[in-house]
Amino acid sequence: MTKKIAALLAALTLGSSMTAPVLAQQTAKTQASQSAEARADALVKAMTLEEKLQFVHGYFPPLAKPVPPIAMIPSAGHIPGIPRLGIPTLRESDASLGVANQIEQRKGDVATALPASIATAATFNPRLAFEGGAMIGAEARAKTFNVLLAGGVNLTRDPWNGRNFEYLGEDPLLAGVMVGEHIKGVQSNHIVSTIKHFALNSQETGRTVLDARIGTAQLRESDLLAFQLGIEAGQPASVMCAYNKVNGDYACENDWLLNKVLKQDWAYKGWVMSDWGAVHSTEKAAINGLDQDSGQELDDRMFFDTKFAEAVKAGRIPMSRLDDMVRRILFGVIDSGLMDNPVPESAQPIDYARHAEVAQRAAEEGIVLLKNEGNLLPLAKSAKKIVLIGAHADVGVLSGGGSSQVRSVGGAPVEIPLTKGAAASFARITWHASSPLKAIQALAPGASVTYVDGSDPKAAAAAAKGADMAVVFAWAWRTEAQDPESMALPENQDALIDAVAGANKKTLVVVEAGGPVLMPWVSRVPAILQAWYPGQRGGEAIANILFGDVDPSGRLPITFPVAVKQAPRPEPLGLAELHAAETRRDAGDKTVYGMSGGVAPFTVEYPEGADVGYRWYAARNQKPLFPFGYGLTYTSFRYANLKVSDGARLTVEFDVTNSGKRAGADVPQLYVEAKSAAGTKAYRLAGFEKVRLHPGETRHVALTVDPRVIARFDNTVPGWIVDAGAYPLRVGHFAGDAALEGSARLDRMTAKP
Ligand code: BGC
């Protein structure tokens, strides 16, 4: 045995003996991670230079040339392992909403499709985020994937962002808590999850060229806080840096973001992998904190292949930095449990029936009842005639597009290819096979339930006449890589809704969309359900809510504007640059290629700073169409007996009573008014809890506040500061509501960055 291997084995033995079960949980975690560090260190020492170099760049299977000497499953990426040291090949798959298979690159390989992440956020139920993550992780492992590109947590700054459906809303606490649980769920399968896209990838238009500009303290108080909370709770093995620039430097070569904030301030020990095609340099990226180039063939040049090896050999990238990069990757691989629990070599059976229930629960709890005049819902099962209209509700429910696209169990009954746009190469407008028509028929076997496609408003109105309920399914497709240029419903759907509502007073609109859409008909329809993209059991979930088999309990994780002019940026920035590139390409310009699609660089200012979403609306006294946190139920809830414990730590207690006649779930929300680094004051979400109560039942809720959620970030300290003084607070049903009001007197508190 060589000395190196002997040292390695000694380190491995030491590692396992340090995680004795007698240690307290926290100590055990520290010990385990120390041992992961020691083990990673020993492996780095045992690796040859070639092996180290091989581990810092990944292949994109469709383009990899030469093909590396490993079996590559068509997916997002591969990094060959080092069998002599037991280091596994990393097989990467997208996995925001399920194990992705975008344009069916793996023919016939289906997976369970959760609802869009924004629907999971709308559950306000961290347990469901965990269960969803655990389900995805289990399927990924059974399909032999071991690195999941999951954990999207960019805050929704703009209601039109094409990728809002893949994220967790506009509030750092809600998004941070939910993403942490999702990651924990994925990694409970002893595989790696990422958290992404670090940071400020807030729009899709020009995402690979734009420079996102914001004050650093404001970024800490908003998007970075969501990442910070998510990383602390979920401990993802990897962080994926974003396409865009942040304050002048690309996120994947941004010293401040990667070295200062992530690795120094947050003491993050895992690895930074790039987004696919997000690398723009060799030395700069390596020195400034990027640890692994993903899908290297998508970069304009291959920066982490031969060029990287040359830079190391010439000393322009110190050997110590290469060691650090590899150590970080191995730390993640060991700490997540992957090293000790390798994924199977071939695909294993999956309990799809059980996993479908996970998807259905998330959809049911995420659907938000926005309007229910005259208690139109729930619909009695004695209804005789129900007419469904539009959005292919006879066969399925819509899903969002892009790298997160799951080929769901049951297939895609409708699939429309794109003819142009940045998403055309990897996205199709796809419906999951979960038919609202069949699900509604199943719950009301005595009723005539019919479907008309909605293409002709007059015919739809005629069909709706005299029905016990007319249900218009409205749809708005969103995708990665593109932002919609209008938030209005496409294809004459507003006219369709008007016509149907004019013909039948009992019209319900079910909106299948990745976020808000404009609702010019809001006052003309009595009932609206926001179903998001409800996943592969969406039809069943909608039917259960419709008849009251499930009480609606979703709450909006983003503000719905009345009109786009209420939002900080009424339309995506960079549209002029995008259109210019499209025109050149249409005219045959061959220089319009690659990830940027020839879009000229531009800047996006985020002057709202940390006042994202509801805080922006409050600061401008704007009344949105539906506020953050809003959602109706079939019962009602009352809050009473506010008790505030303040001083060194803030805890707010109160009673929640189901004051209605049906069982149901509520999400009481605590908002505390606090001052930001920019000097603005806003009520911020400081706690929430989902409570399920029988009629008349009362539950005592106690919410203890993480000081950072109500702190201001001070760059001169640097760190978090809660100034001593009085803090007005409210317990309410949504942002801006004040069912209970009080005040806390807090001592000065500080926390490290
Ligand atoms: C997306 C990432 C994704 C990656 C790999 C990129 O275009 O931004 O979220 O994980 O592709 O598919």
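Residue numbers count from 1 along this sequence. Remember, predicted model here, so these are calculated numbers, not experimental data. Just so you know, ligand 1 is whichever comes first in the structure, and atom 1 is the first atom listed for that ligand.
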Less than 3.5 Å apart, any donor N or O on the side chain of N164 or N161 sitting next to an acceptor on the other? yes
E480 neighbourhood, listing ligand 1 atoms whose heavy-atom distance to it stays under 4.0 Å: 1 (C), 6 (C), 7 (O), 8 (O)
Does the plane of the ring in H57 sit parallel, tilted or perpendicular to the ring in Y59? Use 30° and 60° as the thresholds. perpendicular
Ion pair check, E204 and R478, cut-off under 4.0 Å: no
Among all protein heavy atoms in this structure, tell me which lies nearest to atom 11 (O) of ligand 1, with the distance rounded to 0.1 Å. D275 OD1, 3.5 Å
Measure the distances from the heavy atoms of R207 to every atom of ligand 1 and state whether one is below 4.0 angstrom. yes
Out of all atoms in ligand 1, which are within 4.0 Å of some heavy atom of W276? Include the element for each. 4 (C), 5 (C), 11 (O)
Residues S404 and E480: side-chain donor-acceptor under 3.5 angstrom: no
Answer with yes or no whether E166 contacts ligand 1, where contact means a heavy atom under 4.0 Å from a ligand atom. no
For the residue pair E139 and T112, confirm or rule out a side-chain donor-acceptor distance under 3.5 Å. yes
Does either side chain, that of R207 or that of H197, offer a donor lying less than 3.5 Å from an acceptor on the other one? no
What do you reckon, does M240 put a non-hydrogen atom under 4.0 Å from ligand 1? yes
Flag Y243 as yes when one of its N or O atoms lies below 3.5 Å from any N or O atom of ligand 1, and as no otherwise. yes
Measure across S399 and H432 and return the closest heavy-atom pair with its distance rounded to 0.1 Å. CB-NE2, 3.2 Å
Does R163 come within less than 4.0 angstrom of ligand 1, counting non-hydrogen atoms of the residue? yes
For atom 3 (C) of ligand 1, which candidate among D94, L298, L149 provides the closest heavy atom? D94
Is there at least one pair of N or O atoms, one from K196 and one from ligand 1, spaced under 3.5 Å apart? yes
